[in-house]
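Note that the structure is predicted; figures quoted are calculated from it, not measured. Here is the naming used below: chain letters follow the sequence lines, and residue numbers restart at 1 for every chain.
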2 protein chains.
Amino acid sequence: MTVTEAAADRLVRIGEVARGAGVSVRAVRYYEQQGLLIAERSPSGQRLYRQDAVTLVRFFQQMFAAGLTSRRIAELLPCWDSGHTDAEQRAMLRAERDRIQAKVDDLQAALDRLDEVIAITDTHP
Amino acid sequence: MTVTEAAADRLVRIGEVARGAGVSVRAVRYYEQQGLLIAERSPSGQRLYRQDAVTLVRFFQQMFAAGLTSRRIAELLPCWDSGHTDAEQRAMLRAERDRIQAKVDDLQAALDRLDEVIAITDTHP
DNA sequence: CTAAAACCTGACGTTGACGTCAGAGGCAAG
DNA sequence: CTTGCCTCTGACGTCAACGTCAGGTTTTAG
């Protein structure tokens, strides 16, 4: 085992994960409760995470921002972990993609309306 | 008063507004409660709306989809009604615009990640 | 006239991702 | 040893835009 691998396996506590990902400690515990994040436990019961948990939490945040629920993320996690998907998962992936695309279009339309008003009210003191 | 004006002033009940805008009757009542929509009342107490209420409700839906709260929409309604804004309103308009733009960027990033996985899992049965 | 459909007020329920509080340990520093 | 920070497990609170139910009135269709 190399030094690099040893560093990669360094375990961190929940506070460091939370700070690293810019979320609350409560949020990280919530992700575990929802089956998104698995932690080892120290002898005294404290959660211990691998460092890449920070990356994972950031990814969760991105998916939450896109409107996916924790349940959906949990169902799709194997797609990232294993790179393999069944028909149901592929269907879900496409459904989410289409939903997000539709949302982007809606937001863009709302943006256009706001810009329209801004332009009018700026030239119309 | 012309026929056209008479038709424009035709008052409709809440069910017609809801069906026309594709929302629930409950939603329309909620908008009134939040100060977004004002209705006259028939002698028996039923709400009577002008036909353009349908357009207004659709607009509310669009703003809700963009993440604005009913409070914020109420604060910005004068911008649409009068075309006039004070400094505070202009600041809010820009803040919302920027927030929506940021959200569009976030969604686009999430979309790219999903498309990436979809591409991989499609070529990787 | 009567039954169905639509409307009214008021009030509690829902959902998701956490926030927050209480009470009890755990851990390095001085 | 104790001070102070971190962590633990519950468990209740929050917010927004409605859903839903109860119990009653009004309008409409036949």
Side-chain angles (χ1 to χ4, degrees), chain A residues 10-49 53-54 56-77 96 99-100 103 106 110, chain B residues 10-49 53-54 56-77 96 99-100 103 106 110:
Chain A
R10 210 190 110 228
L11 297 176
V12 297
R13 293 192 299 173
I14 194 169
E16 192 166 341
V17 173
R19 276 192 308 277
V23 303
S24 69
V25 168
R26 175 69 173 93
V28 179
R29 289 203 195 99
Y30 175 74
Y31 301 157
E32 177 175 337
Q33 189 185 346
Q34 300 301 307
L36 298 180
L37 206 53
I38 303 157
E40 296 178 41
R41 295 299 182 121
S42 77
S44 66
Q46 298 198 346
R47 291 172 179 83
L48 296 177
Y49 299 90
V54 173
L56 205 50
V57 169
R58 278 203 236 269
F59 171 68
F60 295 155
Q61 288 290 113
Q62 189 175 24
M63 292 300 111
F64 284 137
L68 278 78
T69 65
S70 54
R71 166 175 285 276
R72 188 65 84 200
I73 298 174
E75 289 167 342
L76 292 176
L77 259 188
E96 294 296 342
R99 194 186 48 71
I100 297 173
K103 200 164 182 176
D106 287 351
Chain B
R10 210 190 111 229
L11 297 177
V12 297
R13 293 192 299 171
I14 195 170
E16 192 167 341
V17 173
R19 276 192 308 277
V23 303
S24 70
V25 167
R26 175 69 174 92
V28 179
R29 289 203 195 100
Y30 175 73
Y31 301 155
E32 177 174 338
Q33 190 185 345
Q34 299 302 305
L36 299 181
L37 206 53
I38 304 156
E40 296 178 41
R41 295 298 183 122
S42 77
S44 66
Q46 297 201 346
R47 292 172 178 84
L48 295 178
Y49 299 89
V54 173
L56 205 50
V57 169
R58 278 203 236 268
F59 171 68
F60 295 155
Q61 288 290 114
Q62 188 176 24
M63 291 300 110
F64 284 136
L68 278 78
T69 65
S70 53
R71 166 174 286 275
R72 188 66 83 199
I73 298 174
E75 288 167 342
L76 292 176
L77 258 188
E96 294 296 342
R99 193 186 50 71
I100 296 172
K103 199 163 182 177
D106 287 351

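Which of dC8(D), dC18(D), dC7(C) sits closest to the side chain of Arg47(A) comes down to dC8(D). Among the nucleotides dC18(D), dC8(D), dC7(C), the one closest to any side-chain atom of Ile14(B) is dC7(C). If you check dA17(D), dC7(C), dC18(D) against the side chain of Arg29(B), the one that comes closest is dC7(C). Distances from the side chain of Ser70(B) to the nucleotides dC6(D), dC18(C), dA17(D) place dA17(D) closest. Side-chain atoms of Ser44(A) lie closest to dC27(C) of the nucleotides dC27(C), dC7(C), dT9(C). Counting only heavy atoms from C-beta on, Arg13(A) has its side chain closest to dT7(D) among dC18(D), dA17(C), dT7(D). Comparing dA17(D), dT9(C), dC8(D) by their closest approach to the side chain of Arg41(B) singles out dT9(C).
Residue Gln33(A) is classed as having no contact, given no heavy-atom separation below 4.0 Å to the nucleic acid. Residue-level contact check: Arg72(A) touches neither bases nor backbone, having no heavy atom under 4.0 Å from any strand. Residue-level contact check: Leu36(B) touches neither bases nor backbone, having no heavy atom under 4.0 Å from any strand. Backbone-only contact: Ser24(A) has heavy atoms under 4.0 Å from sugar-phosphate atoms and none from a base. Nucleic acid contact class of Phe60(A) (heavy atoms, under 4.0 Å, all strands): none. Within 4.0 Å of Leu48(B), counting heavy atoms only, lies no atom of the nucleic acid at all.
Checking Glu32(B), Glu16(B), Glu40(B) one by one against Arg47(B), the salt bridge (Lys or Arg N to Asp or Glu O under 4.0 Å) holds for a single residue, Glu32(B). Screening Val28(A), Val54(A), Ile38(A) for a side chain to side chain contact (heavy atoms under 4.5 Å, CB included) with Tyr49(A), the sole residue that qualifies is Val28(A).
Take the nearest nucleotide of DNA chain C for Ala27(A) and for Tyr49(B): the residue whose nucleotide is more 5' is Tyr49(B). Nearest-nucleotide positions on DNA chain C place Gln34(A) closer to the 5' end than the other of Ser42(A) and Gln34(A).
One can find a donor-acceptor pair under 3.5 Å joining the base of dT20(D) and the side-chain atoms of Arg26(B).
A heavy-atom distance below 4.5 Å is not found between the side chains of Val57(A) and Leu36(A).
A distance-only check finds no donor-acceptor pair linking the side chain of Arg58(B) to the backbone of Gly22(B) [under 3.5 Å]. The main-chain N or O of Ala66(A) is found under 3.5 Å from a side-chain atom of Arg99(A) such that the two form a donor-acceptor pair.
Phosphate proximity of dC18(D) to Tyr30(B): absent, as no side-chain N or O sits under 4.0 Å from OP1 or OP2. The phosphate of dT9(C) (OP1 or OP2) has no side-chain N or O of Gln46(B) nearer than 4.0 angstrom.
Remark: C1' of dT9(D) and CD of Glu32(A) are 12 Å apart, rounded to the nearest angstrom. Between the CZ atom of Arg19(A) and the C1' atom of dT7(D) there is a distance of 12 Å, given to the nearest Å. Ile73(B) has its CD1 atom 12 Å from the P atom of dA16(D), to the nearest Å. Distance Tyr31(B) OH to dA16(D) P: 15 Å, rounded to the nearest Å.
Residues meeting the ring pair (Phe, Tyr, Trp, His ring centres under 6.0 Å) test with Phe64(A), sequence neighbours left out: Tyr31(A).
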